[in-house]
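Because only heavy atoms are used, hydrogens play no part in the values below, and waters and symmetry mates are left out as well, while side chains stay in.
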Amino acid sequence: MPELPEVETTRRGIAPHVCGRHVKQLLVRQRQLRWPVPGQLEQFLAGQRIERIDRRGKYLLLTVGRGTLIIHLGMSGSLRLLTTDSPPGPHDHIDLLLEDGCRLRYTDPRRFGAWLWTDGAIEQHALLQKLGPEPLSAAFDADYLYSLSRGRKLAVKSFIMNSHVVVGVGNIYANEALFRAGIHPARAAGRIARQRYQGLVEAIKSVLDDAIREGGTTLRDFVGGEGKPGYFKQRLQVYDRRDAPCRCCASTIRETRIGQRSSFFCPGCQR
DNA sequence: AGAGGTACCTGGCAGC
DNA sequence: TGCTGCCAGGTACCTC
């Protein structure tokens, strides 16, 4: 599912039902996710109080007394809160049972997601320590992107999708942000002027903000933390709109491959 | 160091 | 209808 807005929507959806509660039991039905679910995770979590749930990039961080549970939803994962017991489907790999009878159910058909554990400083974890700034933070600004991009020859779309540059910009929102900024996705990152990066930074922030406000983009199997779908799909200007007319200039939206990913752009609006 | 390709896994769908 | 091949929201890791 998940780009940053979907992960943030999930976090906000489940946080009120999870924070402050104690873990009754962790039920792992399938350990083979992107990495094997640690064999001792059940013991680590049993009886622990969930202090908080944070997000770093697309990672969800559930902090309990003795450490932090790191969850990534991969490409097809979702978390739902169940208030009644229902039989697990074939892709319902993990249930986190709470003392009040609720359960957090993790579903992931493609099993690209992850459930990991750390009892150290969270920012020092190997998966998190090299991540770039949060796109919605003040640290992510035009000066940062512009200076980091100098000399880089790769496509600007690949550049902004690199989590070491900035976290949380996946394929859908990279396409949408570049459209809003009027920048062609294949343009070399190092050959874009500072002022245009100003526009791109604003576009990334606004497209993510808008998507969070709409509850994420509904694509195939995304379901929000409380089981509600997102509505941002209706707002998409270029993604998945090949051969459709641009809503700004009526040019025909084109599709191309950049870094093995589907890329959509308007040849009239984007240079 | 940067750039590009590969791998993980399953489901859905277009095309034959 | 049924089979085959391709594609999909992510990202760590490998090679050149």
Chemist: Could you pull out the protein-nucleic contacts involving nucleotides 3-5 of chain C (nitrogen or oxygen on both sides, under 3.5 Å)?
Modeler:
none

Chemist: If you count the non-hydrogen atoms of other residues, nucleotides and ligands that lie under 6.0 Å from CZ in Arg49(A), is the total more than 12?
Modeler: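 Yes, the 6.0 Å shell around CZ holds more than 12 heavy atoms from other groups.
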
Chemist: For Asn175(A) and Tyr173(A), does a side-chain donor sit closer than 3.5 Å to a side-chain acceptor?
Modeler: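 The criterion, which ignores hydrogens and geometry beyond distance, is not satisfied for Tyr173(A) and Asn175(A).
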
Chemist: Sequence neighbours left out, what passes side chain to side chain contact (heavy atoms under 4.5 Å, CB included) with Lys205(A)? Give chain and number order.
Modeler: Leu136(A), Phe140(A), Val201(A)

Chemist: Is it the case that the side chains of Thr252(A) and Asp243(A) hold a donor-acceptor pair, with the cut-off being a distance below 3.5 Å and no angle test?
Modeler: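 No - no donor-acceptor pair under 3.5 Å links their side chains.
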
Chemist: Expressed in angstrom and rounded to an integer, what is the separation of Met161(A) atom CE from dT11(C) atom P?
Modeler: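 Spelled out: CE on Met161(A) to P on dT11(C) is 9 Å.
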
Chemist: If you measure from the Lys or Arg side-chain nitrogens to the Asp or Glu carboxylate oxygens, is any gap between Arg180(A) and Asp210(A) under 4.0 Å?
Modeler: yes

Chemist: Verify, without hydrogens or angle tests, whether Arg187(A) (side chain) and Ile183(A) (backbone) share a donor-acceptor contact under 3.5 angstrom.
Modeler: no

Chemist: Which side-chain N or O atoms in residues 32-40 of chain A pair as donor and acceptor under 3.5 Å with protein atoms at least two apart or in another chain?
Modeler:
none

Chemist: Measure the acute angle between the ring planes of Phe265(A) and His184(A), then classify it against the limits of 30° and 60° as parallel, tilted or perpendicular.
Modeler: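 Judged by the thresholds at 30° and 60°, the geometry between Phe265(A) and His184(A) is tilted.
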
Chemist: Roughly how many Å apart are dA3(B) and dG9(C), using the C1' atom of each and rounding to a whole number?
Modeler: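 dG9(C) and dA3(B) have their C1' atoms separated by 23 Å.
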
Chemist: Taking only side-chain nitrogens and oxygens of His91(A), does any of them come within less than 4.0 Å of OP1 or OP2 of dG11(B)?
Modeler: yes

Chemist: Output yes when Arg55(A) and Glu8(A) qualify as a salt bridge under the 4.0 Å nitrogen-oxygen rule, no when they do not.
Modeler: yes

Chemist: Please convert DNA chain C into dot-bracket. A pair counts if it is Watson-Crick or G-U wobble with both distances under 3.5 Å; crossing pairs go in [ ] and bases paired with another strand get |.
Modeler: .|||||||.|||||||

Chemist: Under 4.0 Å from OP1 or OP2 of dG9(C): is there any side-chain N or O of Tyr173(A) that close?
Modeler: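 Answer no for this pair, as no side-chain N or O of Tyr173(A) is under 4.0 Å from OP1 or OP2.
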
Chemist: Under 4.0 Å between any heavy atoms, over every strand shown, what does Arg257(A) touch: base, sugar-phosphate, or nothing? Just pick one.
Modeler: sugar-phosphate

Chemist: Mind checking the P distance from dC13(C) to dC9(B)? Whole angstroms is fine.
Modeler: 16 Å

Chemist: Please work out whether the ring planes of His72(A) and Tyr59(A) are parallel, tilted or perpendicular, with thresholds of 30° and 60°.
Modeler: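 Perpendicular.
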
Chemist: His72(A) side chain N/O closer than 4.0 Å to the phosphate oxygens (OP1, OP2) of dG10(C)?
Modeler: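 No, no such contact exists.
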
Chemist: Grab the N/O contacts between the protein and nucleotides 1-5 of chain B below 3.5 Å, and write none if there aren't any.
Modeler:
| residue | atom | partner | partner atom | Å |
| --- | --- | --- | --- | --- |
| dA3(B) | OP1 | Lys153(A) | N | 2.5 |
| dA3(B) | OP1 | Leu154(A) | N | 3.2 |
| dA3(B) | OP2 | Arg152(A) | NE | 2.5 |
| dA3(B) | OP2 | Arg152(A) | NH2 | 3.2 |
| dG5(B) | OP2 | Gln260(A) | OE1 | 2.6 |

Chemist: Is the base of dC9(B) stacked against the aromatic ring of Phe112(A), taking ring centres under 5.5 Å apart and planes under 30° as the test?
Modeler: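 By the stated criterion, Phe112(A) and dC9(B) do not stack.
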
Chemist: Show the distances under 3.5 angstrom between N or O atoms of the protein and N or O atoms of nucleotides 12-14 of chain C.
Modeler:
| residue | atom | partner | partner atom | Å |
| --- | --- | --- | --- | --- |
| dA12(C) | OP1 | Tyr59(A) | OH | 3.0 |
| dA12(C) | O4' | Arg34(A) | NH2 | 3.0 |

Chemist: Tell me whether Glu123(A) is salt-bridged to Arg56(A), with the criterion being a basic N under 4.0 Å from an acidic carboxylate O.
Modeler: yes

Chemist: Please confirm whether any donor atom in the side chain of Arg110(A) sits under 3.5 Å from an acceptor in the base of dC9(B), or the reverse.
Modeler: yes

Chemist: Any salt bridge linking Glu42(A) with Arg31(A)? Criterion: basic side-chain nitrogen under 4.0 Å from a carboxylate oxygen.
Modeler: yes

Chemist: Would you mind reading off the distance between Gln32(A) atom CD and dC9(B) atom P, rounded to a whole angstrom?
Modeler: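 From Gln32(A) CD to dC9(B) P: 8 Å.
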
Chemist: Are Asp143(A) and Arg194(A) within salt-bridge range, i.e. N to O under 4.0 Å?
Modeler: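 So Asp143(A) pairs with Arg194(A) through a salt bridge.
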
Chemist: Between Arg52(A) and Asp54(A), is there a side-chain N and carboxylate O pair less than 4.0 Å apart?
Modeler: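 Yes, Arg52(A) and Asp54(A) are salt-bridged.
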
Chemist: Once you round it to whole Å, what is the distance between C1' of dT6(B) and CE of Met75(A)?
Modeler: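 After rounding, the reported distance stands at 14 Å.
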
